[in-house]
Every structure is written in structure tokens, then in C-alpha cells.
Asker: 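Handing you this structure, nothing more for now.
Small disclaimer: the values here were computed from a predicted structure and weren't measured. Each chain gets a letter, A, B and so on, in the order its sequence line appears, and its residues count up from 1.
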Amino acid sequence: MNTNDTLIPLLGIVTDIRQDTPDVKTFRVVAPEGGKVFEHMPGQCAMLSIPGVGEAMFSITSSPTNTEFMEFSIKKCGCLTNWLHQMDVGQMITIRGPYGNAFPVETELKGKNLLFVAGGIGLAPLRSVINYVRDNRSNYGNVRIVYGSRSKNDLVDYQEIIDEWMKDEGIEVNLTIDNPQEGWDGHVGFVPDYVKELNPSTDSTVLVCGPPVMIKFTLAGLKELGFEETQVYTTMELRMKCGVGKCGRCNIGDKYVCKDGPVFRYDELSELPDEY
Amino acid sequence: MQRIGVFVCHCGTNIAATVDVKAVAEALGHEPGVVISQDYQYMCSESGQYLIKDAVKEHSLTGIVVCSCSPRMHENTFRKAAAAAGLNPYLVEIANIREQCSWIHKEIATATEKAIILGRAAVAKVHLNAPLTAGESPVVKRALVIGGGIAGIQTALDIAEAGFEVDIVEKEPTIGGKMAQIDKTFPTLDCAACILTPKMVECAQNDKITIHSFSEIADVKGFVGNFTVTIKKKARFVDETKCTGCGLCTEKCPMKKVPNEFNMGLDNRTAVYIPFAQAVPKVAAIDPDYCLMLKNGKCGVCSKVCSVGAIDYKQTDKFVEEKYGAIVVATGFNPIKIDKYEEFAYNQSPDVVTSLELERLMNAAGPNGGTLLRPSDKKHPHTIVFVQCVGSRCDDENGKPYCSKICCMYTAKHAMLIREKYPDTEVYVFYIDVRTPGKNFDEFYRRAVEQYGVHYIKGMVGKVTPKSDGKLDVQAADLLANEQLHIDADMVVLAAAIEPDKSARPLATMLTTQMDTNDFFTEAHPKLRPVESATAGIFLSGACQGPKDIPETVAQASAAAAKAIGLLCKNSITCNPCVASSDELMCNGCSSCEKVCPYGAITYIDKEFRMPDKTTRIRRVASVNPAVCQGCGACTVACPSGAMDLSGFSNSQIMAEVDAICK
Amino acid sequence: MQVNNNNEFQPLIVAFCCNWCSYAGADLSGTNRLNYPTNVKIIRVPCSCRVNPMFILRAFQRGADGVILCGCHPGDCHYTSGNYFTRRRMTLLFSMLDFLGIERDRTRVEWVSAAEGAKFAATMNEFTEAVRKLGPNRRLEDLRCRKQ
Amino acid sequence: MQEAMIKRAKELLADGTVDRVMGWKKGEFSYDHTPAVFTSAQELDENFVCDDFTSANLSKYLVKETVRDGKILAFLKPCDTYSFNQLVKEYRIDREKVYVIGIPGGPKLDIEKIRAKGITGILNIRNENYTLKIETIYGVSEMPFYEAIGVKCESCKSKKHVVYDELIGEDGEVLDSNRFDMVEKLENMTSQERYDFWRSELSKCIRCNACRTVCPACTCEKCVFENPDSGIENKAAADSFEENMFHIIRAFHVAGRCTDCGECSRVCPENIPLHLLNRKFIKDINSLYGTYQAGENTTDKAPLNEYKMDDCEASIVHERGAE
Amino acid sequence: MLRKITAAKLDQLFEAISGKQTLYIPTDREDGAAEFRKYESGMKLSNALNTVRSAKDFFFPQTENLVAFKMEGKKIEVKDIRKECEDFVIFGVRACDARSFDILDKVYLVDPVDSFYKNRRDHGTVVTMACTRPAETCFCTAFGINPTMPGGDVTAFPVGDGFFFMANTEKGEKFLADIDDLLEDGDLSRLADVQENTRNILKKLPLANLSTDSFGGDKLNELFNSDKWAGLSESCIGCGTCTFVCPTCQCYDIKDFNTGDGIVRFRCWDSCMYSDFTQMAHGNPRVSQLERFRQRFMHKLVYIPANNNGEFGCVGCGRCLQKCPISMNIVKVMKALEVK
């Protein structure tokens, strides 16, 4: 048969592995013939697999503006991710995608002030947007990033944040960690509280990603500050098998996270049943 | 990602002759996760072990597969090597390509193919090995010696000397064994009793030593450092604690026609008896097969004459349970039955005797008080023919394939003693080969020939025929002179092969130790661990391991003692970390595992769990005590949900092996 | 199943051997150079009672033509009772396989002590031949695993 | 019967002995009753049913129910009491939390047996002197009561309740049933015939897991077939091997624990006679290790968790049987 | 124009079709139930209303291999193992199952097209069979299905002494053209009588008045939050019978199998009733049977209509009514949730 089928994956080679935090590694993937395996938009995901071990959906952490490779920041939490964390550079993996929708970087977000709120590994999908915005700086207004984690060591991409994001003009980066720690002179406290503390102006569009609890309290805080649900975007994660809305397990109400999501505007999400 | 090192051992030519070790190393190098695969002459050698240690460091190995001899042989060696290099010792797997491959297969191609598959299975398993930490289990500071011959006596004395309590279990009423029956010992010709009996007495007097005479082993449970042994104390109908060994009962016993085992049945004893004068313990025993009181309920003489009231006709077998840290097997040997060698007329003429019978005939405590007389007419024999290798080095089913080792020397001894004491007696020795390796042995033999004029004839006796004049016609071949001989002999002495005691096989079963096809106990390594069995905590002393003369037996006995002492010196030994454990989230609490556990290692606890729906629930779950668990795995199969698994032999590991083998 | 160069059927035999008796018995047959076919591949388990019916089915699934389980003689189990459980479990399992029409000669339990090297070799010779006669396992194989 | 049960249930609810009642709820038609928990007299009056079609074994529900607070009344048929006892024995049911009323057993009917006669459009079924008068949209059909009996009641092993707090109706006796006849018939076939028989049966399996989920002996917290770490996890029989394996392991896991309640065969949408596999184990256990009835009491050791020194060798399988 | 085959020539027809391509017909098994089987000479067409398993198997089989992998060291090789499907005919598909193909199409043929499904769909010819003897468990009419006009590529209408055939698609016309020599012209009035008769029976069915008014995409939140789910789901044992006999249940799982020689990735039916359906490495959004039970019925009665212009995900075949071990089913759910 000469038609392609999305269930038949492509190959990628892991060319670099970075230990970001004790349980998060960032993997750089290129096509066997070089270059990116496929193009994507910020917020989209891909199914990565080691045949015989498992297959799972991960958000693409690198920006589409990166023309050489894709990156995935992956937290160790199950069979497949354990395997990925153990592998060496040069390992082939299978990859298919891109799946799902993207943050509306070319539409709704264009020209807006952007507030990124991320917790822990939740920075992974937002990093793609942040770097996209940095590479198309003129298309967007002010950018503020509020990012927190349990500890300094758990801040994903810390080096990139310090070396690049913080040095960029027009980007304000606010980091926080849950508990005081030696060698940390930054803010200490939970992300939702920090957001309220920072009191961002309500003229920005918010992109939130992190653990469910963090999202919940952040949203409540934002509402208190006067944000509307329509100003807030988030991205979801549920069990997925096919990636194309057919296998029937990642739905929230009538929406499939893999196809209709993973990016949802908060007002869309709150219309859906509370089943995630 | 696993980083596995594969090491293929040549074992000299033991493996390399039938398995293409290079091809094995090459093939296994392609298995997933294998980062280094090499072959080496002797993996177990120090340099072989360095190879492993260096590789662990150089390649940051996470697992090791050694394709070599049986894991029962060198698993520990390689585990130690891994540990020395900083790798958890339980990340080592052995592929047995010697005992289970090179030694049993002949064709190189198929043997190599099989070796690769076995190696692949080990690689597949080691992928799933988890680092394990061994717990500790205490060592019972007491040893058991099974058998009270010279081997058992020497072992017991040495262990007691080191300060440990030791029990001797002897099936006869007295310790002493075969050596007690021997007259003189080669090559020094000193009196056996004179050197043995002091040791027997020492045993009796040493307060660290307990002798369970007239006893047998009924059951053995447990494991190294912690054996529980049930000793069956056979009823001797005499209270050991009361009997003084005065011997009055033996004098008065009316039943005097009991063949005397000690004198090889050449004379009689009474139904109540003390085996011999120097018996230890010197306590009488009643032979229930002959005792009139026990058989018919009429008599009771011994009871009447016993001043201390030691006779107890109602005594029954008693079972005593004792705990030991180490067990030494010293069950010794017996001459084979030679009834089947009809050509030697053993059953037809009393003047055809075995060498051990001759010992008794010549012994001062023997039936003739030390004067050599022929059994038939108690006359002085003038011509004696010795036949060597009766049943030894023999291919038929009546005999033994091995050399009994001691016959050449004791025959030389007998010939020499006879010629010395009765110079008028002609002595002929028919032999296949005369084997005299050993200190002063060959000199001894040559003395018999040269100094004492013993006629050594290379050849085999074909037939012994009793003649009407009471003489024995010995028909033989002189192979060197190439002629047929007829000798009119007064006596014929047969050097019967020796075999392990019949009690050895059931004992081996109880001890779960290995035996060879001849029922000799198999040592853990024929060169390097000659006094240990493959089963930890069980040591071998004396002829139970193979034919030996007295000096060799004593040497081995002391060696076995040293090994046992080495074990008893430890306060605890590391236990097997390959124990069961239950995944509490999957456990149903059904108690199936508890019911099949032979050690009572599993108990049930009520534990609070946070359920997936975020409620909490108290659930009944199994809990394994790792110190008690011995790792049999019965529970893992009894568990329907698969919650119970066994470290080191986990479900996934075994299935990975199955997959690899069936690939 | 394997086929050798002469295109003869070579049965694949998986033998589960308990560490204390049968594995030692297998070692002994090696020490004594007692031949048995290369078809037999041994998996060491601590006790025969460690062998889960799943392992046996797994072996058949993956292409084994015969599975034999060897343990200490009844009464001699290193763990005192493991082989008694094995005996019941395997009797019932084999009976069930037979009931489902799986050839009964593909499975066997044999008690081999550490001293019975000769018996081990003889058993393996005999079992391999018995399975060879049955031909390849077709009734309990997984077609996906069949060797091309 | 149904009235007596409702009456007693209401009394026990009213006096606080129990706070829930486990029974069967009327269905859409006259035959599709659903196990249900009732908490009020009104619900009982409106929906409680016990008739020829209430064949579902309620005992497994009590595993879940006894985790909750309070005490539940359960109506158990004789065969259900065996399952109940077995679950109590395996610590899966808290006996203290159940008030057991023993009710007479079947034979219960199976609608599939009626449908198999080509009777369709069923509106109502009446039992008149052991003749079923079946009113359908195509007219009235008749068939003998005994031809509509469900597989699980075809060879009843016992009319005796092995556990109860009280009884409604008479207690019966353990019966000398012919339940092993079919097993024996299969045993007497050749290996090939048996193979063909089971292949044609098991190849129908759609791996819906109904046999497993309904089985009162299958109460594992996590089934090996759903556990990715078990090595035999599978969701659909991708191969005939997996069809066999699922049913062998399923039956083996309940060997010595299966009370022969017959639920597996009752619920099988493909009518596979799964109970024969269980009965084969029961028959073997009875003949090789002495008669054993799982669930008869809560004390006897399960046959696979004990042994005798002189048990037969596994070679008995090779020695007996046809061929 | 309708063409007809006499009952006597049915065997000839089957022989003719099966001579050219694989033919599946519903036939009776020894246990009295019907199933689709590959036609072999002598096989008889079942009179049963429906098969135990639905006809969806032909396009969406219970298991199917998707792709194979060969692994060596760090390398992976992807093997496309798809093969062009051979032409086949399913004869005697009822209206309910025929409609189920439309529902499956809306999942599998929308972008990105599932090539495995499409391959079978392209090569399969569906010959439907009009119903004449519906059962009490039938309620297809509630979903707008007309069992007297069941659709498919060709429709067969049973009339006393034979069957009328009507081609509905090009594929159907070709099918009929190929067997034309076995056919004859039929008396159309007979067909109208038969259909009228069936329509009268349908009106008398106990579930004839089942209403879907309370369901649909617009009722999502009220239905989702209904307090009836607890009672409805309490006796559900969580097996997959309803989903596996259901002609429209289309959820699947993707799994890898290690053959020893490589990895085969296959998909197999999955059931939202299973506790591990949505299990993730960390947590499960549907931990209770209530949530899983609700998902199945919400999917059929709300989510599918929400995404498909109001078309429901149930075809009223009645299989779940017949096969549920505890007799809980979509009709009971609909009646309980109905707003009166």
C-alpha cells in the first residue's frame, strides 16, 4: 500500500540528552537523514515510542523556529520514560505526529502581551511558545514568565532561562521555588501565590501549564485579579493511544484531547464535564 | 540503558575443546545491552577475575554474564569479583556452558549454538536482575559428625580442640569403625589399636564431644549455619547412663552363638555384648535378634546380674532433635560382598577369606588370639595366595570400576607380617599392577619382595578349587612368564574392593548433597574444594568421598574440621537475599501463600491504603519475613494475582530466559 | 522448533531444574560426561515449586516442543515440601492440557536427585526422543512466534 | 416466595438489622433482571423480583459491599452460599457485615435457551405446570420448562445452604449430580477430538472477560491479564494460543477454589461451556486427592495448598485416558 | 428495477460469489446462535435475526497488526506490513449493522484516514438483508433506521420464495451484474406487502416508542451530572461484553508484541468499561465503574451526536440487551435518564 498511515511511525535519532532536573531529561531528536522529522506549531505533541517498551504522547518542547531538531523534555514516571531516561545518545526512537492543536500564536495571541505561568515539567509545552515568541519578538507585546518548581534543582531548562530568556529585552522572568534553599536568593513560594503577588496587568493573555492543582489555584487567582476565562489558555494531558481521536480514550466530554486539544481556552474547558 | 559485560571462559580445553568460545563471545556481543563480550582462558583465575573487575570500571557495567562452569561452582567467585569492583554481586549471572554443554556434547557446531543460547538466556535474565543486599543469619556453634570411624573421630577431635561443641553420630554401638578392626598399619607396621584407641578415649572424655552411638540420622532440615537434625537413637536395651561396661552380663548371657561382627563373623559373641574391649562408649547392647528375653520373654539373666540395673528390655528407639551449624559426613566404607565371585570359592571354603577377615585372624584380639590358623582346621597354613583387585578396576556389574587404592599396600603388609612371623609359609601375591604411590610405600612393597621373599606374580587367579585333602587348588596365569600355574594353597586371601557404606545414599538425599554413580559423595571441587560438598555447610571426611588409606583419611578429616571450624567461627553468615516479597497493592489477602510456606515466613497484616479513587481502605495483605524466607518460591505460584514474586528468580526473569531460549 | 541442516525436526526442549537436586544432577551428568541432546536447554529455578504454569505455557507459546520439570525426589525437597506442591500443580495442569487436546507427551515431571547424573541424562534422551516422535508443537504455539 | 422475601427484607430494614438489601431488580422484559441494592421499603415493593430468571449469583457483589459501612442483607441461593463461604474463607468478604437469607435455588431459566428454539418477540413468559407459555408478538409459543433451564442449573450439585443466618423455605440436600458426565465424555475422546472440540469452542471467545469478571473466585485486586508486569497481559486473544492460555490460566487460578457455580458459562455471550474447564479440575481433584467441595466450609485447606506424601505422580496423566 | 433470486437458487448464488471472492454469510452454529462465517459449500443461510458478533469485525477486526519493528542495538527498522485487502462480500447484514458502518466511517474515514479500515471498506461489498421478524429487543427505529430498507451496497429483501435485490451503489450494481444470470425479474407488489407487514410488526414491538428526545450533544452537562448514574452502574461488573458485541463500539488499544524475532505492533478492541482503559503512569481520570459506565452511554448518546450533527452512536440492534451478564443495557439507561 502506498498511502501513509499516521499509526505507522517515522524514525528519529536522539542526538543529545540533557539532564535538566533529577527526573527530567531533554532529548534532542533529528530524522535519520538529518533535519527535523516533521514540522509542528507550539503546543503540539508527538507520539514517541520504543517498540516493545511503550508509546506515549509528549509535547514538543522546541520551537518550530528551530530548523535543525526537535526537543522533548520528559519526566521519568513510567515504563517508557524510565527507558528513555536510561538510553544513550545515538538511540533510535519512533516518532509520529504532530498531533493536536497549537497555541494560537499566529492568531489570537498575535500582538498581545503574554503571561506564561508554569510549574515543574509544565514548562515543557510553554517553552516551545516562549522561544517561538522570542524568535518572532516583534509580533508580540510584553512577555512575562512566571515559573516555579519544588526546588532550584527541579527547574527545567534553568540554564536556558538564565542564559537566554533573562537576558532578552522585554521579557521578564520571575522564578520561584516552593521552599527556601541554600544558594537560592530568588522568590520562595507557590506559583499561584506568586502570580497574585506580582499582580500582572489584566491586558495580557495567559498561558498556563503545570500540575492540576497549580492550574486550579492559578486560575482562581487570575480571576481574582480580574482576568477572564477567555484570556487563559492551558494544555491537557490524558491517556492517549492513537493520537488522532479514534481510539476513544482521551475525551473530556465530546472533546478529544489528542485532536481537539491539547490546548484549550479556559472558557471551552469549563463547559466540559469535570473529568480530567 | 543496561551495560552488560559478557565473559566466556575456555576452562582450559574443558569448554574450548567443544565450544567455539570466540564465536560465543562474538554472538553474545550483539545481544541488546551488551557493551563488552570477551573470552578468556580461565575466568575463575585471578587474572580472569581482574578482567571482570577492570571491565566493570572501564565500561561502567550494570550487569555481568559469565559463560563458564556451573553456577554451583563459581557463582560466588564471580559475585565476589563484581562486588570487589563495586557492582552489586547479584547483578551477575552464569551461563553454564561446561557441565550443561561442552562436557555433554561432542559436535562443536551444535554445542556452540547451544552455548550461545544459554548465554543469551543469561543476558536476558541479567537485564532484569536487581541489586540485592543479603541479610544475615546466625550460626549455631555446634557441629555434627556423621560416622565415628577414624575420619569422624579425627574431625570431631579437631573441632572440639577449636572450642566448639561437636556430636558424633555412629550407627554401631561403638565408635572406632574399620580402623578398630585392623591389626597393623602400613607402612610403619604399628598397631592400629594402639594409635586409635587413645583417640577414641579422648572423644569419650572431651566434654565438647557428645557421642550418639548406635544412632542414625533420621531427618535433616535447614541450611548452612542452622541445620535441624533428627537423630534416631536405636534401642540398645541398656541404659547408657547406668552401664559401667563391666561386662558381667556378656559373661552370663546364655545365648552365646551370635556371629561376632567385629571379628567378621569368624567367631561368636553373646546376645548382650560389648563389641570389643576398647569400645567407646563402653556400654553393652542387646541384640534383639538373638536375645531370648526380647524374642521369647524368657531369660532375663543379664538384668539379674547387672548390679546397676542398666538393662531395660522396654527401651524403644528415641528421636532427638539437635541444631547444628555445620555437618561433616564421615560414613566411611565397607568391603564389597564377594559372594558373586564364585571362581574364588569364597562360599565353598572357609579357608578363602577376605583381607579384613585376615586382619581379624592375625589380630591378638581376634578369634585365634593372634595366631594365624586356617579357619577350617585351625592348622598352620604353609602356602597362602593373595588375590588382588577382587571387584576393583572391574567392568562387570559385580564389581567396581575404580581402584580401591588401599589393597596393594595392605596386602604387602599382610605378606610381610606373615613371612616375618611364619617364615615357613610361602606367600604368593597375584596382581594386575602394584600401586604404591605414597610416602615410603614403594620402599615398603620392595621390602616385602626383596627382604621377605614374597612371590609377586603378575597375573590373575582364574579359579580356586577346594580339594579333598583340604587344600585349595589355585589356578592362575603368570603373565610375565606366560605360563599357567597351579598352586596348592592352604589359604586364599581376597583383596575385596571397597565401597561406600550403604547408609550414605539415603543420607545424601536428606542432606541434598551430590553423589557420584558409585555412591561416593561428590566434593564441591575435585581439586580446590576437596572436603566440601556442593551444599553449603556440609563437609566430607574420609572414605565416604573416595577410597583412602588412614593417613589420607586423617588428613582429610582434619581438613574437613578446619572448614567446619571456619564456618563455626562466624557469628552469622550472609543469608540468601533471593527471597519472596509481596506487592501489597496487588495482594488479595487470600492467605494462599501463607498456607504453602514451609517456613512460616509469611504473615498477614492489616494496612491502610490510599485507593486510586482517593479513599483510604484497610486491607489485609501478606508480609514476608526475609530472614525466615528461604526463597523456594512456592508462594509465588500459589498467589493467583501474581502479587508474590521472588528476587533473583522473578517471574519476569524466568520468562525472559524462556523467551531467550525459545527465540 | 528448530530444523537442522538435514532438514530434520529438532525439538526444542525446555527443562526447568531445581537448584538443589536436578540442576546438580544435570551438572553431575556433565561431570561424568554423560551425553544428552543439545535440544535440551536448562533453566535453573530454586525449587520445582517456583515453576508457574505460566512459564510452561510461555515456553510452548515461544516455540518449545516439550517442557520438562525436574525436582528433588518427593521427600527430599531442599525446602521440605516444594516438590509436593509441584506434583499437584503439574498433575492438574498436565491433565488440563491433555483435556484441551494438547499432546500429553510434551510435558513431564521427573524427579532427579543430585546424585542421579545418569538418570538425568537418560531422562533427557528419552524425553527428547518422545517429543521428537510427536513432531513440532502445533496445538499450543503462537503463530506469531513461529520461526520463519 | 418473592412476597415473603420482600416482607422479611422490609422487616430487617425497619428494625435496623441491615441498612441495605442485595437482590434483583425487575427488568425491561420479563426475563432481564439486574442485581441491585435496595435501601428502602418503597424500592423493594416497586422493583424487587425473584423468579425463574433471577439466576445471577450475588455473592461477588458482597466483596465490594462489605468494604462499605453498615450491614447488608443478601439473598443467596444454595449454590451462591458456596461462593459466599469461599469468599469468606479467602478474607474477601467480611462475614459480619452480611445478613444471609438462604432462599431455595433453581432451576433457573436461561432466555437464550428459549431464543434458541426460534422463539422471538417475547413479551411475557409464564410457567404453567412446567410448560412455558411464551407470549410473543408473533403469537403464543410453548416449550417444556426443563428445556429452558440454564447451563448452570442443568446439573445441580446441591440444594443445601452451607451458610445462612436464616432461611426462607426449606433447606435441601447435597445432590448426587451428573455434573461430570460431559467432562467424562470429553476425556473418553481422542486427543485430536478433544483438541478439535476446544478449538471450535474457544475460537468463539471474544475476550469480553465476562467469565472472569463475573466469577466469584476471580476477585484479584489486579488480574494478571491486566497487569503489564505479569508477562501474560493481554486484552484480546491475538492468537489461538492466547485464547487457550487465557482460559487455562483462568481455570487454573480458580482450581480448588471454584465452587462450580456456573456463572462463567451463564454469562458467556458465545455460549462456550467454560464450566467444563473448571469441572475438569474439580473432577481431577476429587479423584486424585479426595473429594473436595470449595466453599463447603471456611476451614478446609484448598487442595492446591496442601499435599500428601503419597500423592500420585504427574505421570498419571500420561498413563490414563484414551489412546 | 428489482431482480429476484428464488430460494432454490440461493446455494448456486453463494457458490457463484464465493468462486470469485470471499463470501461471508450468517449461519447457525451447533449452539443455536448465528455467526458470520466464510462460506463453504453446503453452508446454509441462518434465519436468525442477528449474529452474536456484529458485522463490524469485517472492517474493524478484534485484533490486527499495524506495523512491525526490527530492533538491533540502537537501531530500529520500521516495516510496513500492510497488504492490499482482497475483495470480499458480506451477505445478510441487517439494517442496524449496516448503519453501524456509517458510524464507524465517521471515525475511521475522517482525516487522518485510517488506512487499515479504509482498505477493508474499499474491498468489501455489503449485501444487507431487510428484516421481517424483528425481536422484542430491537429498537433501531428509535435511531431513525428503517429495517425494511437497510442500505448497504446491495439490499436483499426476503419475500416468501426468494429474495429481491436492489443495488444502492456502484459497487452494488457491479455485484448484481456479476450474478445476473442467476436472477430473474420479480413481482414488486410482493415486496410492498412484506415491507408493510414488517412495518406493522415494528409498531407492536415493546421498545417501539423508545424516545431519543432527552439525548444529544446539547444535553451534555445535565446528562453527565445526572444522579441516576450511580444506581444504573452499581451492578455493572465491568466486563466488555456490551462493547464487544456492539456494532458501533470502536475504541481500540495499541500494543506491542515481541515475537522473539522483532516487535509487532497491533491494535485490538478495547472497552471503556475496563478499569485500565484510561489508566496512565500517574493516575486515572476514571477510577470508578460509575465513570466508566457513564462514559460508554454518554459516548453513544451525547458525544457522538455532538460531533456528528445529532446522529446517535447506537443502532438499536439489541445485542447488549441480550448479552449483558447482568442485564443492564442502553435501553434501561435511556429510560432511566429520560426526561418525561
Asker: Any side-chain heavy-atom pair from C:Arg88 and D:Pro303 closer than 4.5 angstrom?
Answerer: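 Yes, their side chains come closer than 4.5 Å.
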
Asker: Should D:Ser240 and C:Arg139 be marked as a side chain to side chain donor-acceptor pair (under 3.5 Å) after you check the CA-CA gap, both sets of side-chain angles, and the distance that decides it?
Answerer: CA-CA 9 Å; D:Ser240 63; C:Arg139 293 185 185 175; over 6 Å; no

Asker: In terms of heavy-atom proximity below 4.5 Å to chain D, should C:Thr86 be classed as side chain, backbone, both, or neither?
Answerer: neither

Asker: Does C:Arg58 reach the main-chain N or O of D:Gly231 with its side chain, forming a donor-acceptor pair under 3.5 Å?
Answerer: yes

Asker: Distance check, rounded to the nearest 0.5 Å: D:Arg279 atom CZ versus C:Phe99 atom CZ?
Answerer: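 Answer for the CZ-CZ pair, D:Arg279 versus C:Phe99, is 10.5 Å.
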
Asker: Would you say that C:Met54 contacts D:Ile249 through its side chain, given a criterion of any heavy-atom pair below 4.5 Å between the two side chains?
Answerer: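 Yes, at least one pair of side-chain atoms sits under 4.5 Å.
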
Asker: Could you give the distance from CZ (D:Phe246) to CG (C:Leu57), rounded to the nearest 0.5 Å?
Answerer: 13.5 Å

Asker: Answer yes or no: is there a side-chain heavy-atom contact under 4.5 Å between C:Glu103 and D:Tyr195?
Answerer: no

Asker: Is the shortest side-chain heavy-atom distance between D:Glu242 and C:Arg144 below 4.5 Å?
Answerer: yes

Asker: Should the heavy atoms of other residues, nucleotides or ligands under 6.0 Å from NZ of D:Lys160 be counted, would the total exceed 12?
Answerer: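 Counting neighbours around NZ of D:Lys160, 12 or fewer heavy atoms of other residues, nucleotides or ligands fall under 6.0 Å, so no.
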
Asker: Can you find a heavy atom in the side chain of D:Met309 that is under 4.5 Å from one in the side chain of C:Tyr84?
Answerer: yes

Asker: Side chains of C:Leu143 and D:Phe241: does their closest heavy-atom pair fall under 4.5 Å?
Answerer: no

Asker: When rounded to the nearest 0.5 angstrom, what distance separates CE in D:Met245 from CG in C:Leu140?
Answerer: 9.5 Å

Asker: To the nearest 0.5 angstrom, please state how far the CZ atom of C:Phe55 sits from the CD1 atom of D:Ile232.
Answerer: 10.0 Å

Asker: Side chain, backbone, both or neither: which part of C:Leu69 has a non-hydrogen atom closer than 4.5 Å to chain D?
Answerer: neither

Asker: Hey, which of D:Lys308, D:His247, D:Arg199 has the most heavy atom pairs under 4.5 Å with chain C?
Answerer: D:Lys308

Asker: What distance do C:Met90 atom CE and D:Ser315 atom OG have between them, rounded to the nearest 0.5 Å?
Answerer: 14.5 Å

Asker: Relative to chain C, which of D:Leu288, D:Asn244, D:Leu277, D:Leu276 shows the most heavy atom pairs under 4.5 Å?
Answerer: D:Leu277

Asker: How long is the span from the OG atom in D:Ser191 to the CZ atom in C:Arg104, to the nearest 0.5 Å?
Answerer: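 D:Ser191 atom OG to C:Arg104 atom CZ measures 6.5 Å (nearest 0.5 Å).
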
Asker: Please determine, among D:Asp196, D:Ile248, D:Leu202, the option with the most heavy-atom pairs under 4.5 Å with chain C.
Answerer: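 Looking at each of D:Asp196, D:Ile248, D:Leu202 in turn, D:Ile248 comes out on top.
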
Asker: Can you establish whether the number of heavy atoms outside C:Lys133 located under 6.0 Å from its atom NZ is more than 12?
Answerer: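 No, not enclosed.
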
Asker: Can you check whether D:Tyr289 reaches C:Thr91 side chain to side chain, under 4.5 Å on heavy atoms?
Answerer: yes

Asker: So does C:Thr107 get a backbone contact from the side chain of D:His318, meaning a donor-acceptor N/O pair under 3.5 Å?
Answerer: yes

Asker: Of the listed residues (C:Leu97, C:Leu100, C:Asp105), which shares the most heavy-atom pairs with chain D below a 4.5 Å separation?
Answerer: C:Leu100

Asker: Heavy-atom pairs under 4.5 Å with chain C - which of D:Asp310, D:Ile285, D:Leu304 has more of them than the others?
Answerer: D:Leu304

Asker: Under a 4.5 Å heavy-atom cut-off, does chain D meet the side chain of C:Gln61, its backbone, both or neither?
Answerer: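 Both parts, heavy atoms under 4.5 Å.
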
Asker: Could you tell me whether D:Lys185 atom NZ has more than 12 heavy atoms of other residues or ligands within 6.0 Å of it?
Answerer: no

Asker: Within the structure provided, determine whether D:Phe281 and C:Met96 are in side-chain contact (heavy-atom separation under 4.5 Å).
Answerer: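 Answer yes - side chains close enough.
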
